[in-house]
Amino acid sequence: MPPTTITVDYLIIGAGATGMAFADVLVTESNHTMAIVDRNQAPGGHWTMSYPFVRLHGPSRVYGVHSRAMPSDSVGANLASGHEILDYYDRVMRETLLASGRVTYLPMHNVDDVEPGGPATVRAHSLVSGASTQIAVRKRVVDASYMNITVPAMRRLNYDVEDGVPIVPVNQLVNLGGPAERFTVIGAGKTGLDACLWLLHHGVDPDRITWITSRDAWMNNRDQEAPLSRFRELTKLHACNSVDDVINALEQMDLIIRRDPRVRPSAFRCATVSSAELAQLRKIEHVVRLGRVRRIDSAGVRLDEGSIQSPPGTVYIDCSADGLTQKPPKPVFADNTITLQTLVPCLLAPSAAIAGKLECLDLDDDSRNRLAPPVVNPSTSRDLLSFFGTRMERLHRWSGSPALFEWLLGSRLGSALSDLQEMTDQGNRAAVSLLASHLEDLLKRDGVSA
Ligand SMILES: Cc1cc2nc3c(=O)[nH]c(=O)nc-3n(C[C@H](O)[C@H](O)[C@H](O)COP(=O)(O)OP(=O)(O)OC[C@H]3O[C@@H](n4cnc5c(N)ncnc54)[C@H](O)[C@@H]3O)c2cc1C
């Protein structure tokens with residue numbers, strides 16, 4: 001069958017949080033046409049494959065798209081559930097994007113290779129019928145898949161498991177069909193935290209949980225999320241003289257927390273917990289810190305730095321996928337491509353909306369790239385300094401661009417930068433810039449790992 005051909009201004013690869021946030025700004029702030037192509041059968045990206053009890057771990061008012069509030073924005077801690085998120089993206093697709101008459105949506109389609117600098121015509125094929133669509137792109141190809149988020153349901157285990165050992169991906173935890181003698185949770189990221197909290201919430205005695213964590217991590221304290229005076233509070237960091245000093249000060253300010261006060265974490269992966277959740281997690285005493293899992297058999301678990309025995313009746317819960325990859329940064333705007341990346345650490349949806357706004361502003365690509373240098377997502381505890389420093393630096397950078405700044409001030413996603421309003425004051429602008437430079441200097445000077 002000959003391929004169908006469509007012609008659009010933009011091709012957006014991926015209908016996850018970033019593709020949707022970008023498309024929404026383009027639809028609401030320009031007259032351009034676009035095709036959105038995604039392998040999944042519904043918009044929402046990795047949320048379409050998440051475990052049933054997943055929720056946002058940051059507030060919904062800084063998630064989603066610019067033009068539409070999330071139902072949870074004004075409810076309690078604003079932690080939308082996976083179902084709400086999928087319903088939200090379905091509505092954004094139907095009621096905003098498709099209703100504009102300027103969007104063609106191709107779910108269950110794969111975009112085949114796009115050459116860098118690339119062709120004006122890109123081929124997508126249906127993962128169901130195999131039919132091809134040629135997409136002629138007048139302006140740009142937008143890669144909203146570059147960050148390559150992985151959740152446990154998407155990948156094979158990266159350790160060996162003997163046949164017959166009961167191990168389930170976190171998505172299956174709700175389908176066990178009966179209690180287990182013991183639960184061993186593998187992974188200490190956001191998903192591992194959620195699995196432990198879910199087990200405790202359902203009355204599992206903490207003594208029946210083993211938690212395998214390759215690295216302890218600092219976590220954001222949700223009780224302190226986005227206090228309006230955050231930058232004022234953070235100016236205290238000027239007094240710090242080393243990376244360790246800064247981390248200690250952040251902990252004293254209660255902005256970051258750790259699960260075990262006796263263990264200094266070496267990681268920071270943007271996970272966020274409340275103090276109530278932390279109190280629950282601290283009830284789990286059987287925490288295994290022997291590196292990564294290599295093999296699980298009927299006797300127990302072999303890890304990088306030792307082994308543990310498991311009693312009969314242990315069920316293993318795999319929560320070990322990397323939901324926050326460290327992709328090498330590249331220019332967001334280049335020739336006829338846009339590569340959506342993180343502009344504000346850990347906040348991919350606002351980052352994509354900002355890239356969308358920059359595309360709509362009358363700027364050349366050099367100016368756009370100067371306003372939108374991408375950052376690498378955090379991994380180690382040292383990255384806490386970039387996490388806070390980059391936010392300060394972005395406040396300064398963006399408040400110097402009147403058109404972008406005005407838009408951010410009126411945008412629901414702009415509230416991700418909690419001190420935006422304060423940046424109308426020149427003194428405050430100078431203060432955030434100084435603080436960002438101080439943190440960067442400390443990182444350069446203090447090469448040892450914190
Ligand atoms: C469990 C979990 C909880 C999280 N909670 C929060 C939170 O509370 N707050 C927050 O800000 N962030 C949170 N995050 C971070 C989150 O990953 C991002 O906010 C965001 O959802 C990432 O979206 P994305 O569009 O970059 O990626 P994805 O969701 O991975 O979407 C990419 C899409 O591209 C499609 N695609 C890829 N290649 C192709 C191709 N060749 N052809 C067609 N389609 C293609 C894929 O099918 C996919 O749908 C969380 C992440 C996880 C894993």
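First listed ligand is number 1; within each ligand, the first listed atom is number 1.
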So the atoms of ligand 1 within less than 4.0 Å of a heavy atom of Gly16 turn out to be 25 (O), 31 (O)
Gly19-ligand 1 polar pair, N/O distance under 3.5 Å: no
In ligand 1, the atoms that come under 4.0 Å of a heavy atom of His57 are 5 (N), 6 (C), 7 (C), 8 (O)
Quick note on ligand 1: atoms under 4.0 Å from a heavy atom of Ala144 include exactly 25 (O), 32 (C)
- Task: Output, in order, the C-alpha distance, side-chain angles, deciding distance and verdict of salt bridge (charged side-chain N to carboxylate O under 4.0 Å, His left out) for Asp160 and Arg294.
- Result: CA-CA 6 Å; Asp160 292 334; Arg294 293 292 164 210; over 6 Å; no
Self-check item: Ion pair check, Asp143 and Lys330, cut-off under 4.0 Å
Solution: no
Atoms of ligand 1 under 4.0 Å from any heavy atom of Val37, numbered from 1 in the order shown, are 43 (C), 44 (N)
The atoms of ligand 1 lying under 4.0 Å from a heavy atom of Gly14, numbered in the order shown, are 33 (C), 34 (O), 35 (C)
Does Glu359 form a salt bridge (charged side-chain N to carboxylate O under 4.0 Å, His left out) with Lys139? I'd like the steps, not just the answer.
CA-CA 11 Å; Glu359 177 67 359; Lys139 284 183 166 291; over 6 Å; no
Item to complete: Establish, yes or no, whether a centroid distance under 6.0 Å links the rings of Trp398 and Phe405.
Response: no
Query raised in the report: Would Arg258 and Asp216 pass as an ion pair if we require N to O under 4.0 Å?
Result: no
Check: Going by heavy atoms, is Cys346 under 4.0 Å from ligand 1?
Finding: yes
Is ligand 1 less than 4.0 angstrom away from at least one heavy atom of His109? yes
Atoms of ligand 1 under 4.0 Å from any heavy atom of Trp47, numbered from 1 in the order shown, are 3 (C), 4 (C), 5 (N), 21 (O)
**Report entry** Nitrogen or oxygen of Tyr63 less than 3.5 angstrom from that of ligand 1
**Finding:** yes
The option among Ile36, Asp38, Val54 carrying the non-hydrogen atom nearest to atom 47 (O) of ligand 1 is Asp38
When you look at Arg429 and Glu422, which way does the salt bridge (charged side-chain N to carboxylate O under 4.0 Å, His left out) test go after all the steps?
CA-CA 8 Å; Arg429 283 194 66 209; Glu422 306 251 27; over 6 Å; no
Counting heavy atoms under 4.0 Å, the part of Ala349 that contacts ligand 1 is neither
* N or O contact, Thr191 vs ligand 1, cut-off under 3.5 Å -> no
Note: ligand 1 atoms sitting under 4.0 Å from heavy atoms of Lys190 are 3 (C)
Under 4.0 Å from one or more heavy atoms of Ser145, ligand 1 contributes atoms 34 (O), 36 (N), 37 (C), 38 (N)
So for Leu56 against ligand 1, with non-hydrogen atoms under 4.0 Å, the contacting part is both
Quick check against the 3.5 Å criterion: does Arg102 have a side-chain atom that pairs as donor or acceptor with the backbone of Val27?
yes
OG (Ser401) and CG (Leu371) are apart, to the nearest 0.5 Å, by 5.0 Å
Checking heavy atoms under 4.0 Å, the part of Tyr51 that sits near ligand 1 is side chain
Parallel, tilted or perpendicular: ring planes of Tyr63 versus Trp47, cut at 30 and 60 degrees:
perpendicular
>> Checking the N or O distance criterion of under 3.5 Å, is ligand 1 in contact with Val111?
In response: yes
Which of Asp38, Val128, Asn40 passes side chain to side chain contact (heavy atoms under 4.5 Å, CB included) with Met108? Answer is Val128
Restricting to heavy atoms, the pick from Arg55, Met108, Met20, Arg39 nearest atom 38 (N) of ligand 1 would be Arg39
Side-chain (Trp211) to main-chain (Gly187) donor-acceptor, under 3.5 angstrom: yes
| message | Using a 3.5 Å distance criterion without hydrogens, assess whether the side chain of Ser351 forms a donor-acceptor pair with backbone atoms of Leu347. | response | yes
